[in-house]
Amino acid sequence: MTVFTRPKTKTPDIIKDASMSKQKEMMNRHYERLSDAPERGEKVAATFVPGNLNELLMCFDFANNLPEVNAIQSGLRKQSGGYVMEAEKSGHSEDVCTYVKSDIGMMAKGNIGPNGRKLPDPDVLLLSYTGCFTFMKWFELLRQQYKCETIMFHTPYMADGKMTKDMIQYMVKQLKQDVIPKLEKVSGVKFDIDRLREYMRKSAQAEDDLVWVLQSAKTKPSPIDAYFGGIYYIGPIFGAFRGTDDAIDYYRFLRQEVEERIAQGKGPVTPDGDMGKERYRLVVEGPPNYTHFRQFWKMFYDEGAVVVASSYTKVGGTYDFGFRHDPENPLESLAEYCLNVYTNRNLPMRVDMLENYMDEYQADGLLINSIKSCNSFSAGQLLIMREVEKRTGKPAAFIETDLVDPRYFSGANIKNRLESYFQMIEQKRAGVRSAA
Amino acid sequence: MLDVPQTATAGIIRRCEDLFADLNFETVRAWKAEQPGRKVIGYMPYYVPREIIHAAGALPLGILGGGDQLEVIHGDAYYQSYICRIPRSTIELGVSGRIDFVDGMLFPSICDVIRNLSGMWKLMFPNVGSRYVDLPQNFEDDVGGVFYRGELNEIREWLSGITGKPIADDAIRASIALFNENRRLVREVYARRTQEPWNVPSSELYLLMRAGLILPVEDHNLLLRDYLISVRDQQRPVKDYSRVVVSGAFCEQPPLNLVKSIELSGCYIVDDDFMLINRWEKSDIAIDGDPLTNLARAFLHDSNSTSPKYEPDLAKKGLYLVESVRKNRAEGVIFAMASFCDPALLDRPMLQDILKQHGVPQIAFKYAENSGQMQPIREQAGTFSDSIKLWSGA
Ligand code: SF4
Ligand code: SF4
């Protein structure tokens with residue numbers, strides 16, 4: 001049994017491609033802007049990744065602080081474990097979502113951001129309520145702390161697999177009668193719909209390139225890893241950059257980079273450099289683990305496993321089935337965007353989507369990373385697994401970790417599970433070959 | 001030992017117990033078999049508009065999991081260990097054929113687990129109608145109200161599709177009247193318990209309320225009336241118990257033994273949120289005018305607060321619990337919540353803060369519907385009760 005220990009020597013430098021460095025620089029700027037906001041008199045809004053209305057918030061000059069992204073950063077920096085414990089010490093149940101607890105613990109410890117500086121208190125909490133019920137409690141908890149304006153923006157669930165006119169109307173009305181007036185009040189900035197249109201135009205441009213990049217994984221070998229690498233690719237567009245020139249530049253740049261990789265017949269870049277021979281093509285359902293991100297990823301690339309499509313990269317918006325922010329119908333389009341978030345799609349839609357990925361991306365199998373924290377993703381995943389397996393005839397596997405709670409990452413178990421899974425894929429292939 | 005109820009009451013409670021214990025729902029099967037074409041619509045906790053189901057001529061049937069008597073054989077294969085019990089026992093009920101007579105299922109928007117279960121039902125039981133009930137989190141009439149009225153109308157059409165008959169406004173009005181009556185009686189039972197908790201033990205009240213999720217409303221009304229009459233003149237011994245409110249049990253239900261254990265430990269439960277659906281609206285729903293608008297208005301403006309529902313006003317957050325303590329002259333709150341229940345457990349620290357601000361003593365524990373070990377809970381509740389008494393004596 002392989003036992004994982006922390007390396008005693010300094011971790012070797014992570015190999016980054018240029019787009020990663022570019023993104024890092026963008027993120028640094030973003031966090032500096034947030035930390036400087038109080039001094040510069042800038043107002044700060046907090047909101048969630050799914051249903052993130054960045055274009056709208058920009059219309060009111062808000063700096064956008066996303067608590068989930070902060071939790072991810074804390075996870076990657078191995079600080080989240082301490083934060084989660086801090087929250088539990090203060091009375092939060094061990095049973096609930098650790099994103100929330102990481103955020104609450106970080107707040108209790110002075111709210112120091114990844115740049116080592118204090119993150120500002122929000123002036124407004126935009127409770128974009130889509131795809132997850134925990135969001136409501138999360139922002140009720142933050143509201144209690146910050147006592148600031150809190151805006152509920154409720155997205156109906158696509159329970160019947162469709163978007164109806166009533167849903168859109170309900171959301172547009174909320175925007176017009178509640179969300180926008182409150183944002184105007186907090187910011188002191190008058191809403192200008194043309195400004196919104198302009199940002200949305202920019203969003204759509206970046207979205208085109210993002211989709212191109214994600215779909216480049218249909219190529220063999222795949223030039224990208226659409227899960228571990230994908231997490232970087234979605235960063236700007238799911239965060240505070242959608243609708244900006246920065247995002248347009250980033251995605252254009254990323255696309256060029258991927259184009260070059262395809263031209264050279266290369267696989268994805270991993271933290272250890274170019275990936276070796278592509279041996280397994282996987283579709284992954286569920287969020288990743290962030291506390292052991294690199295170790296987790298290594299278990300894949302060491303075996304030549306590349307993720308060609310993932311549902312997590314659709315959690316902040318599903319673009320690959322054609323949705324783009326539409327400047328001609330800005331408010332309706334914001335509503336549609338929120339409705340389209342992956343976890344706002346019902347279970348049969350999720351199954352269809354994964355099945356479709358398995359075919360379109362010529363995957364060898366489905367892997368589910370079930371996250372202890374996240375009922376939104378996790379409840380029902382075992383059925384999803386069976387359904388996809390049944391429909392595609394390809395093997396599926398199930399592993400369990402957590403997003404940001406290191407206590408739920410058992411490297412040895414996961415590695416064993418993955419190894420047997422890869423063997424299963426091999427056997428399946430051998431079976432197909434002998435049948436042929 | 002709990003006090004032995006008087007004969008009439010005992011008969012009523014025995015009937016409720018039988019209903020509660022019957023995991024095959026024989027009475028509902030019998031009701032359905034009585035007349036060809038009868039339909040049964042199952043629903044998950046905590047609220048669905050039962051009036052429309054009734055108006056469709058169907059029986060609304062509360063599916064509240066499997067309790068501690070159901071052996072879950074298949075259900076566990078569908079859920080990871082860190083997900084609450086109720087979805088797996090509900091799947092068990094489905095897969096084992098125990099609810100094979102149910103013609104449609106409604107899943108209210110209570111949490112991600114129930115939400116996802118609605119889709120699982122579609123995949124697992126494609127021949128049973130299944131519908132998610134999307135409840136508004138915006139409480140303005142022309143925003144959330146319009147949306148919810150539309151949702152109610154869709155439910156009406158969905159039900160018509162199942163029964164094959166349209167549902168007239170007047171039929172909904174008549175059903176609203178019957179459920180108003182039901183809620184009035186439920187409130188009366190609750191009020192009676194507040195006044196004389198020794199005469200209305202919570203384990204009895206619990207069973208009475210559970211019966212309301214199985215029986216046709218007309219029968220439940222009769223049952224409640226009979227119960228109120230039967231307890232009117234009886235006098236059971238008054239104990240030196242503390243008065244507590246139980247909060248957080250609105251979905252996955254605690255085992256009946258847990259309710260009994262709290263009582264046996266020296267606590268009178270004077271308010272609770274088990275089966276909120278029976279008392280969802282706080283007063284009568286208007287009968288005149290458009291019945292769907294009336295249902296929607298009642299939902300927006302006159303329904304109970306609970307953690308799956310957004311509280312738009314920070315100043316009011318959790319006050320309903322403080323208000324319940326005051327109104328029911330409770331001396332403390334017991335937070336009893338299902339393990340892994342995100343809405344309840346994430347709400348708890350906020351509610352605890354508010355109670356602290358108002359000087360209300362409290363304890364908290366978790367349970368699962370199949371929890372067997374009651375001793376720790378009994379001890380915890382007993383110590384709590386003692387400390388309340390000491391505290392109030394000082
Ligand atoms: S439950 Fe899942 S989607 Fe919701 S906040 Fe937690 S991690 Fe995010
Ligand atoms: S017990 Fe809680 S988490 Fe489980 S289904 Fe009910 S509301 Fe959801």
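Here is the naming used below: chain letters follow the sequence lines, and residue numbers restart at 1 for every chain. Just so you know, these numbers come straight off a predicted model, no measurement behind them.
Here the side chains of A:His154 and B:Tyr310 are not in contact, with every heavy-atom distance at 4.5 Å or above. Contact annotation: the side chain of A:Met136 never approaches that of B:Glu311 to less than 4.5 Å [non-hydrogen atoms, C-beta and beyond]. The side-chain heavy atoms of B:Phe147 and A:Met171, taken from C-beta on, include no pair separated by under 4.5 Å. The shortest distance between side-chain heavy atoms of B:Asn138 and A:Tyr170 falls below 4.5 Å.
Residues from residues 123-132 of chain A that place a non-hydrogen atom less than 4.5 Å from a non-hydrogen atom of chain B comprise A:Leu127, A:Tyr129, A:Gly131, A:Cys132, given in numerical order. Contacts of residues 349-364 of chain B with chain A at a heavy-atom distance below 4.5 Å involve B:Pro349, B:Met350, B:Asp353, B:Ile354, listed in sequence order.
Interface remark: B:Arg115 contributes backbone and side-chain atoms alike to the contact with chain A (heavy atom separation under 4.5 Å). At a 4.5 Å heavy-atom cutoff, the contact between B:Glu154 and chain A is made by side-chain atoms alone. Of the atoms belonging to B:Ile110, it is backbone heavy atoms, and not side-chain ones, that fall under 4.5 Å from chain A. Only the backbone of B:Leu135 has a heavy atom closer than 4.5 Å to any heavy atom of chain A. Looking at B:Val146, the atoms closer than 4.5 Å to chain A (heavy atoms on both sides) all sit in the side chain, from C-beta outward. With a 4.5 Å cut-off on non-hydrogen atoms, B:Asp342 touches chain A through its backbone and its side chain both. At a 4.5 Å heavy-atom cutoff, the contact between B:Asp313 and chain A is made by backbone atoms alone. With a threshold of 4.5 angstrom between heavy atoms, B:Pro312 approaches chain A through N, CA, C or O but not through any side-chain atom.
For A:Glu94 and B:Lys366, the salt-bridge test passes: some basic side-chain N is under 4.0 Å from an acidic carboxylate O. Between A:Lys137 and B:Asp347 there is a salt bridge, since at least one side-chain N of the basic residue sits less than 4.0 Å from a carboxylate O of the acidic one.
Ranking B:Ser307, B:Pro87, B:Ser339, B:Gly150 against chain A, the residue ahead of the rest is B:Ser307, based on heavy-atom pairs under 4.5 Å.
Between the side chains of A:Ser370 and B:Tyr82, at least one donor N or O lies within less than 3.5 Å of an accepting N or O.
Here the CD atom belonging to B:Gln80 is positioned 5.0 Å from the CG atom belonging to A:Leu382, to the nearest 0.5 angstrom. Taking NE2 from A:His92 and CG from B:Leu346, the interatomic distance works out to 7.5 Å, rounded to the nearest 0.5 Å.
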